[in-house]
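Notes to accompany the following structure.
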Amino acid sequence: MLEIRKFHEEKDAVLTGLRKRNFSKEQLSLVDDIIRLDLTRKSQQTELDQLLAQRNSKSKEIGQLFQSGKAAEANAMKQEVQTIKDQVDQLEKGYADTQYQLQELMVQLPNLPHESVPAGSSEEDNEVYQDWADELPDLGPEALPHWELADKYGLIDFQLGAKITGAGFPLFRAKGSQLKRALINFFLAEANAAGYEEMSVPHVVNADSAYGTGSLPDKEGQMYHIEKDELYLIPTAEVPVTNVYRDVIMSATDFPVKMTAYTPCFRREAGSYGAHVKGLNRVHQFDKVEIVQIQHPEKSHDTLMEMLRHVEGLLQKLKLPYRILRLCGGDLTFASALTFDFEVWSAAQKRWLEVSSVSNFETFQSHRLKCRYRDEEGKTQLAHTLNGSALALERIVACLLENHQTADGIVIPQALVNYTGWERID
RNA sequence: GGAGAGUUGGCCGAGCGGCUUAAGGCGCACGCUUGGAAAGCGUGUAUACUCCAAAAGGGUAUCAAGGGUUCGAAUCCCUUACUCUCCGCCA
């Protein structure tokens, strides 16, 4: 959530940011509505506080009167306080109402894009930040898509997954399952080597945590909701991991905080269909190793670039053709200020598949999380939060199978052989 | 799932309707002291919102969370969450 302070002090920056998000003129009027409501809120608070102060001091006097035996005076004063209380009740209602309205508007507003975010309305307008330098591999017409390879080598059973649960819950078996486990270990080992603390976290979170990272209310429909216990299946490890720092005030020397976790991720993704969701392209449960950092505002941009290079290193070691996109204002996720997507070339499908998204949320999440640090003057300031997939497993499996297929089997890249224990699938 | 006991500031811990602007201790910071340190002494030490042009200084709220009783609630009542102990079940 944006800080209300910005609306008063940097209104132009707010408007500029929202325009980059393609806000219409009517939508932009929200900004003035918010400023107006907040001014109302302030005056209501001042009035309310004054009344409460009166009530407190008079109540104290009543106590003293009783103690000195002046019951008659005390009882008279009770009447006075009673009338103050009635006013307080009235004002409190108005104040709560203003707060509620303000909150309703504030949660509708996405993060302001970083200045480097290109203008644009859809994924067509994303900027290719770093293209695949070499020629894209051409495997010829015999190249099989991953779902056929998975079937041919007995790696993934989509029918069994559908039988046990439903569509979008593939069952990995034999070397398919081992390959996935190897990738998890490989990604975690690389993250550990880069200084990220490994964590095993709950895969189910409460509403406070979901709200803290912005999954609620913005993505309510995307999460599996366990109503009986009022809990949510995590859509990404970002939610439990970032919430480690909810309601925490750190010292500036604690930066950077680096955490990593492997988790399954659950997404309802209602309304998808067609070839784009075939095989592993889009599933309801997938695996991911996530990297998260909490950083000083002045250093967060450099940190984002460092995370970018980390993800890039993984793809290079897996020998997969990739490109990096800088998302435009229209494609940026709600909470993000700046996002780079990694796409890997799916050699048989002949299309790019998104395998990672690396984002700087600046203070948008930390404001909700109340994740703060103390600056040189001892004042509390909001920290910056960042995260990235490093990496999403299922699409990597798809691309590994397709890109490294040969006539007599699938060749495992050397970096991964240390983790699989075998060199090929045949 | 059943029964009981708890949850107070960074931490420990007192308080069980007004004498609390939350005692006392520990920790931390600064100062005095010292050749330097320790000890000792002194001062300070939460968060959010808000008033004030700003600083200084006020105000309000917060004793797990939310509601209630009362002129007044950390303290009494209700609901919820969490922690611990015992029983049951269990990888």
Side-chain angles (χ1 to χ4, degrees), chain A residues 1-9 34-107 200-212 216 225-232 240 243-254 257 363-383:
Chain A
M1 192 156 67
L2 296 171
E3 296 160 79
I4 191 79
R5 180 186 57 77
K6 282 194 178 157
F7 289 76
H8 296 291
E9 295 170 11
I34 285 169
I35 292 173
R36 190 173 38 73
L37 266 175
D38 194 49
L39 290 174
T40 305
R41 192 202 103 241
K42 283 189 188 193
S43 72
Q44 284 175 323
Q45 186 179 341
T46 305
E47 203 180 338
L48 182 59
D49 283 356
Q50 281 166 356
L51 279 172
L52 287 171
Q54 276 184 44
R55 188 201 64 184
N56 288 346
S57 67
K58 291 203 176 182
S59 291
K60 198 163 279 180
E61 275 183 64
I62 292 172
Q64 284 160 358
L65 287 172
F66 272 123
Q67 261 151 31
S68 51
K70 298 173 184 163
E73 286 179 50
N75 283 318
M77 208 156 190
K78 274 193 193 179
Q79 294 300 315
E80 274 183 60
V81 179
Q82 190 58 54
T83 63
I84 294 178
K85 271 180 71 178
D86 294 340
Q87 286 175 273
V88 165
D89 285 347
Q90 279 270 318
L91 267 169
E92 266 178 348
K93 278 201 189 88
Y95 182 72
D97 187 51
T98 307
Q99 281 267 31
Y100 176 79
Q101 286 182 45
L102 191 57
Q103 184 76 4
E104 284 293 292
L105 297 184
M106 290 296 286
V107 297
S200 292
V201 295
H203 297 170
V204 179
V205 294
N206 57 32
D208 282 347
S209 293
Y211 180 81
L216 281 180
H225 184 194
I226 305 166
E227 286 185 42
K228 198 166 182 185
D229 299 294
E230 198 44 37
L231 297 170
Y232 297 84
N243 270 281
V244 167
Y245 279 84
R246 169 150 52 88
D247 272 318
V248 170
I249 301 177
M250 319 179 248
S251 89
T253 54
D254 293 334
V257 174
T363 59
F364 195 82
Q365 284 184 334
S366 58
H367 186 221
R368 290 192 181 191
L369 288 162
K370 299 195 182 69
C371 171
R372 293 155 294 175
Y373 70 97
R374 242 174 258 288
D375 66 14
E376 305 76 34
E377 293 171 12
K379 287 191 175 165
T380 56
Q381 303 285 353
L382 294 173

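With both ends at atom P, the span from B:G66 to B:U75 equals 13 Å, rounded to whole Å. For the P atoms, the distance from B:C82 to B:G72 is 33 Å, rounded to whole Å. Atom name P, nucleotides B:C30 and B:C84: the rounded distance is 38 Å, in whole Å. B:A5 and B:C78: their P atoms are spaced 13 Å apart (whole Å). The gap from the C1' atom of B:A22 to that of B:A61 amounts to 16 Å, rounded to the nearest Å. Annotation: B:U62 and B:U7 have their C1' atoms spaced 16 Å apart (nearest Å). The P atoms of B:U70 and B:G13 are separated by 35 Å, rounded to the nearest whole Å. For the P atoms, the distance linking B:C19 with B:U34 amounts to 43 Å, nearest Å.
When rounded to the nearest whole Å, the span between OH of A:Tyr373 and P of B:U47 equals 15 Å. Per the geometry, CD1 belonging to A:Ile249 stands 12 Å off C1' belonging to B:G9, to the nearest Å. When rounded to the nearest whole Å, the span between CG of A:Leu48 and C1' of B:A48 equals 15 Å. When the P atom of B:A61 is taken as reference, atom CD of A:Gln54 falls 13 Å away, rounded to whole Å. Nucleotide B:U50 holds its C1' atom 15 Å from the CG atom of A:Leu51, rounded to whole Å. Atom CD in A:Gln44 sits about 14 Å away from atom C1' in B:C49, given to the nearest Å. Distance CZ (A:Arg5) to C1' (B:U50): 16 Å, rounded to an integer number of Å. A straight line from NZ of A:Lys42 to P of B:G59 spans 20 Å, rounded to a whole angstrom.
Contact annotation: A:Lys85 does not reach the phosphate of B:U70 (side-chain N/O to OP1 or OP2, under 4.0 Å). Close to B:G10, at under 4.0 Å from its OP1 or OP2, lies no side-chain N or O of A:Arg374. Contact annotation: A:Arg372 side-chain N/O to B:U47 OP1/OP2 distance is not under 4.0 Å.
Mapping A:Gln50 and A:Gln64 onto RNA chain B by nearest heavy atom places A:Gln64 at the nucleotide closer to the 5' end. Nearest-nucleotide positions on RNA chain B place A:Arg55 closer to the 5' end than the other of A:Arg55 and A:Met77.
You'll find the side chain of A:Thr380 reaches within 4.5 Å of the side chain of A:Arg374, heavy atoms only. Using a 4.5 Å heavy-atom cutoff, the side chains of A:Met250 and A:Tyr245 are in contact.
Minimum interatomic distance between A:Pro240 and A:Val201 (heavy atoms only, all atoms of both residues): CG-CG2, 3.6 Å. Heavy-atom minimum distance, A:Leu2 versus A:His367: O-CE1, 3.3 Å.
In this structure, A:Asn56 reaches the sugar-phosphate backbone alone: every heavy-atom distance under 4.0 Å involves primed, P, OP1 or OP2 atoms, never a base.
Among the nucleotides B:A46, B:C71, B:U60, the one closest to the side chain of A:Ile62 is B:C71. Comparing B:U60, B:C49, B:C51 by their nearest atom to the side chain of A:Leu52 picks out B:U60. Closest to the side chain of A:Arg41, out of B:U50, B:G59, B:U47, is B:U50. With distances taken from any side-chain atom of A:Thr380 to the nucleotides B:U47, B:G18, B:G59, the minimum falls on B:U47. Taking every side-chain heavy atom of A:Phe66 into account, B:C71 is the closest of B:U47, B:C71, B:G59. Considering only the side chain of A:Ser59, B:C71 comes nearest among B:C71, B:A48, B:U50.
In a base pair of the Watson-Crick type (N1 to N3 plus N6-O4 or O6-N4) or a G-U wobble (N1-O2 and O6-N3), with each distance short of 3.5 Å, B:A37 is matched with no nucleotide. The pairing partner recorded for B:U79 is B:A65, the criterion being a Watson-Crick or G-U wobble arrangement whose two distances lie under 3.5 angstrom. Pairing of B:U60, defined by two Watson-Crick or G-U wobble distances under 3.5 Å, is identified with B:A48. Of all nucleotides present, none satisfies the Watson-Crick or G-U wobble test against B:A23 with each distance under 3.5 Å. Applying the Watson-Crick and G-U wobble criteria (two distances, each under 3.5 Å), B:C71 pairs with B:G18. Summarising the base pairing, B:A3 is matched to B:U85 through a Watson-Crick or G-U wobble pair whose two defining distances lie under 3.5 Å. Here B:A29 sits opposite B:U43 as a Watson-Crick or G-U wobble pair (both hydrogen-bonding atom distances under 3.5 Å). Look at B:C90: it lacks any Watson-Crick or wobble partner with both distances under 3.5 angstrom.
If you check distances only, the side chain of A:Gln82 never reaches the base of B:C71 with a donor-acceptor pair under 3.5 Å.
Not one N or O on the side chain of A:Ser366 forms a donor-acceptor pair closer than 3.5 Å with the backbone of A:Leu382. In this structure, the side chain of A:Asp89 does not engage the main chain of A:Asp86 through any donor-acceptor pair within 3.5 Å.
Taking CD1 of A:Ile4 as the start and CD of A:Glu9 as the end, the distance is 11.0 Å to the nearest 0.5 Å. Atom CD of A:Gln54 sits about 8.0 Å away from atom CD of A:Gln87, to the nearest 0.5 Å.
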